[in-house]
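Note that this is a predicted model, so its numbers are computed, not measured. For this chain, numbers begin at 1 and follow the sequence in order.
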Amino acid sequence: QVQLVESGGGLVQAGGSLRLSCAASGSPFSINAMGWYRQAPGKQRELVAAITPGGSTNYADSVKGRFTISRDNAKNTVYLQMNSLKPDDTAVYYCNAEITTWFNLETVQDYWGQGTQVTVSS
């Protein structure tokens with residue numbers, strides 16, 4: 001069974017950096033777009049950054065120039081390097097991937113990680 005396993009969250013002071021990782025386990029057949037979303041208390045989940053298998057990226061305006069998304073297709077892993085963190089970046093960060101499994105080659109499904117807390121103190 002395919003799962004997304006996240007790591008790398010934590011507590012950091014404003015201006016600091018964190019790196020999130022998300023690996024797809026269970027040997028998926030293929031992975032299309034991968035991305036990171038976040039949800040702060042009382043707010044809707046929002047897209048932070050996304051990346052295609054070929055490396056094309058898309059960022060939320062609020063993180064452009066500070067966050068960098070990357071992926072290692074051989075390891076089925078996506079990363080989010082977060083620099084110059086601000087208190088407004090505090091949220092639970094979720095990994096997302098569009099995955100085709102060996103059990104259902106005709107369907108692309110959305111998978112989500114369990115979420116990792118990022119807290120930025122002022």
Side-chain angles (χ1 to χ4, degrees):
Q1 185 170 348
V2 173
Q3 290 183 320
L4 298 180
V5 180
E6 302 166 1
S7 61
L11 172 64
V12 65
Q13 289 187 331
S17 299
L18 284 173
R19 189 191 194 210
L20 306 182
S21 299
C22 171
S25 64
S27 300
F29 174 73
S30 67
I31 303 178
N32 295 337
M34 303 184 81
W36 290 94
Y37 289 72
R38 66 186 181 187
Q39 188 167 18
K43 295 186 178 181
Q44 290 188 332
R45 189 174 297 189
E46 62 175 357
L47 174 68
V48 176
I51 186 168
T52 68
S56 296
T57 58
N58 181 40
Y59 294 94
D61 288 342
S62 59
V63 307
K64 284 180 181 177
R66 300 188 298 121
F67 291 10
T68 302
I69 189 170
S70 60
R71 64 190 284 173
D72 184 332
N73 291 330
K75 296 181 178 180
N76 293 330
T77 300
V78 63
Y79 306 95
L80 185 68
Q81 178 66 44
M82 304 184 293
N83 298 330
S84 303
L85 283 160
K86 305 174 181 179
D88 283 349
D89 295 318
T90 296
V92 177
Y93 284 70
Y94 296 91
C95 173
N96 171 266
E98 299 172 346
I99 295 175
T100 299
T101 66
W102 289 97
F103 299 103
N104 192 353
L105 296 178
E106 298 180 357
T107 301
V108 178
Q109 295 177 286
D110 252 356
Y111 283 78
W112 292 90
Q114 78 280 7
T116 185
Q117 178 71 45
V118 171
T119 303
V120 184
S121 63
S122 56

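Judged as a salt bridge (Lys or Arg N to Asp or Glu O under 4.0 Å), and not counting sequence neighbours, the contacts of Lys64 are Asp61. Considering only residues two or more places apart in sequence or on other chains, Ser56 meets the side chain to side chain donor-acceptor pair (under 3.5 Å) condition with none of them. Listed by chain and number, the residues in a side chain to side chain donor-acceptor pair (under 3.5 Å) with Gln81 are Asn83 (sequence neighbours excluded). Partners of Val120 by side-chain contact (heavy atoms from CB on, under 4.5 Å), not counting sequence neighbours, listed by chain and number: Val12, Ala14, Leu85, Pro87, Asp89, Thr90, Val118. In this structure Asp88 satisfies the side chain to side chain donor-acceptor pair (under 3.5 Å) test with no other residue, sequence neighbours excluded.
Atom CD1 in Ile51 sits 13.0 Å away from atom CG in Asn32 (nearest 0.5 Å). Atoms CE and OG1, from Met82 and Thr68 in turn, are 11.0 Å apart once rounded to the nearest 0.5 Å.
Annotation: ring pair (Phe, Tyr, Trp, His ring centres under 6.0 Å) contacts involving residues 49-89, sequence neighbours excluded, are absent. For residues 93-122, every residue pair satisfying the disulfide (SG to SG under 2.5 Å) rule, not counting sequence neighbours, is listed here: Cys22-Cys95. Applying the salt bridge (charged side-chain N to carboxylate O under 4.0 Å, His left out) test to pairs two or more places apart or on separate chains, those with a residue in residues 40-55 are Arg38-Glu46. Applying the salt bridge (charged side-chain N to carboxylate O under 4.0 Å, His left out) test to every pair with at least one member in residues 3-24, sequence neighbours left out, gives no pairs at all. Counting only residues at least two apart or on different chains, no salt bridge (charged side-chain N to carboxylate O under 4.0 Å, His left out) pair has a member in residues 94-115. Note on residues 102-122: pairs passing ring pair (Phe, Tyr, Trp, His ring centres under 6.0 Å), not counting sequence neighbours, are Phe29-Trp102, Tyr37-Trp112. Among residues at least two apart or in separate chains, side chain to side chain donor-acceptor pair (under 3.5 Å) pairs with a member in residues 113-122 are Gln117-Thr119.
Asn58 has its side chain within reach of Leu47: a pair of non-hydrogen atoms, C-beta onward, lies under 4.5 Å apart.
The nearest pair of heavy atoms linking Met34 to Asn76 is CE-O, 4.1 Å. Between Pro28 and Ile99, the shortest heavy-atom distance links the atoms CB-CG2, 3.5 Å. Considering every non-hydrogen atom in both Ser25 and Val5, the closest pair reads OG-CG2, 4.4 Å. The minimum heavy-atom distance between Val78 and Ser70, with the atom names listed, is CG2-O, 3.2 Å.
Note: the hydrophobic cluster containing Leu80 does not contain Tyr94 (ILVMFWY, side chain heavy atoms under 4.5 Å, direct or indirect links).
A distance-only check finds a donor-acceptor pair linking the side chain of Asn73 to the backbone of Pro53 [under 3.5 Å].
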Any chance you could lay out the side-chain contact (heavy atoms from CB on, under 4.5 Å) test for Thr101 and Gln1, step after step, and finish with the verdict?
-> CA-CA 9 Å; Thr101 66; Gln1 185 170 348; over 6 Å; no
